[in-house]
Structure formats: structure tokens, C-alpha cells
Novice: 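Let me give you the structure first, and then I'll get to my questions.
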Amino acid sequence: MILKIGVLASGRGSNFQAVLDAIKSGRIKAEISLLISDKPDAYALTRARNAGIEAFYLDPKDFFSFSPAKDAYFEKIAEEFTAKGIGLVLLAGFMRIVKKPLLDAFPWKVMNIHPALLPSFPGLHGQRQAEGYGVKISGCTVHFVDEGMDTGPVIIQAAVPVRHDDTEDSLSERILKCEHKIYPEAVRLFAEGRLHVNGKKVEIKGARENETPLISPPIEE
Ligand code: GRF
């Protein structure tokens with residue numbers, strides 16, 4: 001049976017698009033069945049609808065009367081994904097901490113992409129933090145999601161050089177190109193049943209040399 005993917009997004013959705021494109025090209029054997037956004041004007045909603053994928057806005061405020069409100073919101077999301085037979089949940093620029101009800105319903109089946117080399121620079125603005133710190137190498141990380149902030153087991157990372165004249169924007173742009181490579185790659189490995197979480201480590205079964213861009217080559221522009 002084909003893997004069904006559910007997506008949570010808050011913004012432009014370029015990583016969602018990268019995964020969708022990899023599915024369309026046949027590189028990933030899966031389908032995206034549902035996209036849910038916590039923002040009514042997220043461009044990710046438009047991208048999904050343009051691709052004929054069911055997508056809707058779910059207002060977190062509708063769950064404020066429940067206690068605890070944040071858990072109720074994620075209970076609802078878990079229900080929606082379960083009803084669709086989702087086997088993998090992708091956070092694609094989703095600007096909320098995922099709560100237990102969703103993680104319990106999808107154990108080691110929720111992935112996130114973060115624009116820094118974790119465990120460095122977790123949380124908001126990973127690119128700004130890296131540029132401000134003055135590191136010479138940053139990058140991006142795909143990881144399984146646990147209850148912490150960007151603390152779950154790492155699946156794939158790509159390194160990106162930081163240049164002396166970089167701004168937050170120029171670095172973000174260079175990192176984003178790598179994000180669009182490694183997120184589909186992680187999803188492909190998952191769809192092929194090759195990712196196994198062992199404590200803090202993710203083993204990639206049957207990894208062939210140069211199959212996985214664990215470290216990206218410098219990007220020439
Ligand atoms: C990306 O930089 C991702 O790493 C971070 O949020 C941003 C989302 O961009 N989690 P997009 O919505 O996928 O274009």
C-alpha cells in the first residue's frame with residue numbers, strides 16, 4: 001500500500017513543494033493526502049489546492065476553550081490524519097511546537113526540517129543565529145520530532161558554507177536550496193522503510209555510498 005503523507009505548514013510551503021515535486025517525478029513512492037495550516041493565508045494552502053490536494057485552515061483559537069487548548073488542537077489534527085490513513089506527517093515551515101497527542105498517534109512518524117546544523121541554533125531564525133554567531137559552516141537538518149524544540153533524532157544533514165559577506169537573507173537562500181534536496185531525500189528513505197530509530201540515532205538501512213547527501217558539496221552560483 002502506498003505511503004500517505006500529511007503536511008502541517010504555516011507559510012510559503014517551498015519544502016512541501018519540493019517533496020511534492022519529488023513524488024510527481026516518481027523519485028518518492030508516496031502521495032500527499034492532506035495539508036493542514038494554522039494560518040488562513042499560508043501560501044502552502046494555495047500550492048496544495050493547485051496540485052489537487054485537500055487542504056484546509058484549522059484555527060487554533062477554536063480550541064482555546066478546551067483544556068489544555070494546545071493539546072486539543074493537536075488531538076484534532078491527529079484525528080484528521082488518522083481518518084485519512086496517514087503514515088507520515090511532515091512539518092513544513094509549521095511554526096508551532098507539536099504536542100503529545102499528535103506524537104503519540106504517529107510515533108517516529110513526524111518529521112521536521114530545520115535551517116541549521118542541529119543541535120546548534122535550534123528554535124526560531126536558525127539562519128540569523130548562525131550568521132550572528134559567526135560560524136563558518138551552517139546548514140540544515142531533517143529530524144524526527146519529539147517533545148522538545150528541534151531535539152529529535154537526526155535523519156539527514158547538509159552543510160552549507162557561511163561567507164564573510166553573508167546576510168541573514170543570503171545565507172537563508174543558500175540553505176534553502178539544500179533543504180529542498182534533503183527533505184525529499186529523507187521522505188524517500190522513510191517511504192522505502194529504511195529509517196530505524198535506535199535511541200538518539202537514526203540508522204539508514206542499506207545506505208549506498210553517495211546515495212544520501214549527508215554533507216552537501218559547496219553550491220556554486
Ligand atoms: C524553512 O527554512 C524550514 O527550514 C523552516 O521554516 C522554513 C519554511 O520554509 N522550518 P517553507 O515554508 O518550506 O518555504
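We count ligands from 1, going down the list as the structure has it; atoms in each ligand are counted the same way.
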Novice: What is the minimum heavy-atom distance between Val145 and Leu91, and which atoms define it?
Specialist: CG2-CD1, 3.8 Å
Novice: So, Glu80 and Lys76, do they make that salt bridge, N to O below 4.0 Å?
Specialist: yes
Novice: Would you say that more than 12 heavy atoms from the other residues, nucleotides or ligands in this model lie under 6.0 Å from the CZ of Phe56, or not?
Specialist: yes
Novice: At a 4.0 angstrom heavy-atom cut-off, what protein residues surround ligand 1?
Specialist: Arg12, Gly13, Ser14, Asn15, Gly93, Ile113, His114, Pro115, Gln127, Glu179
Novice: Glu179 side chain to Asn15 main-chain N or O, any donor-acceptor pair under 3.5 Å?
Specialist: no
Novice: Is the shortest distance from a Lys or Arg side-chain nitrogen in Asp21 or Arg27 to a carboxylate oxygen in the other one below 4.0 Å?
Specialist: no
Novice: Do Glu147 and Lys99 pass the salt bridge (Lys or Arg N to Asp or Glu O under 4.0 Å) test, and can you show the C-alpha distance, the side-chain angles, and the key distance before you say yes or no?
Specialist: CA-CA 7 Å; Glu147 283 184 78; Lys99 298 291 176 184; over 6 Å; no
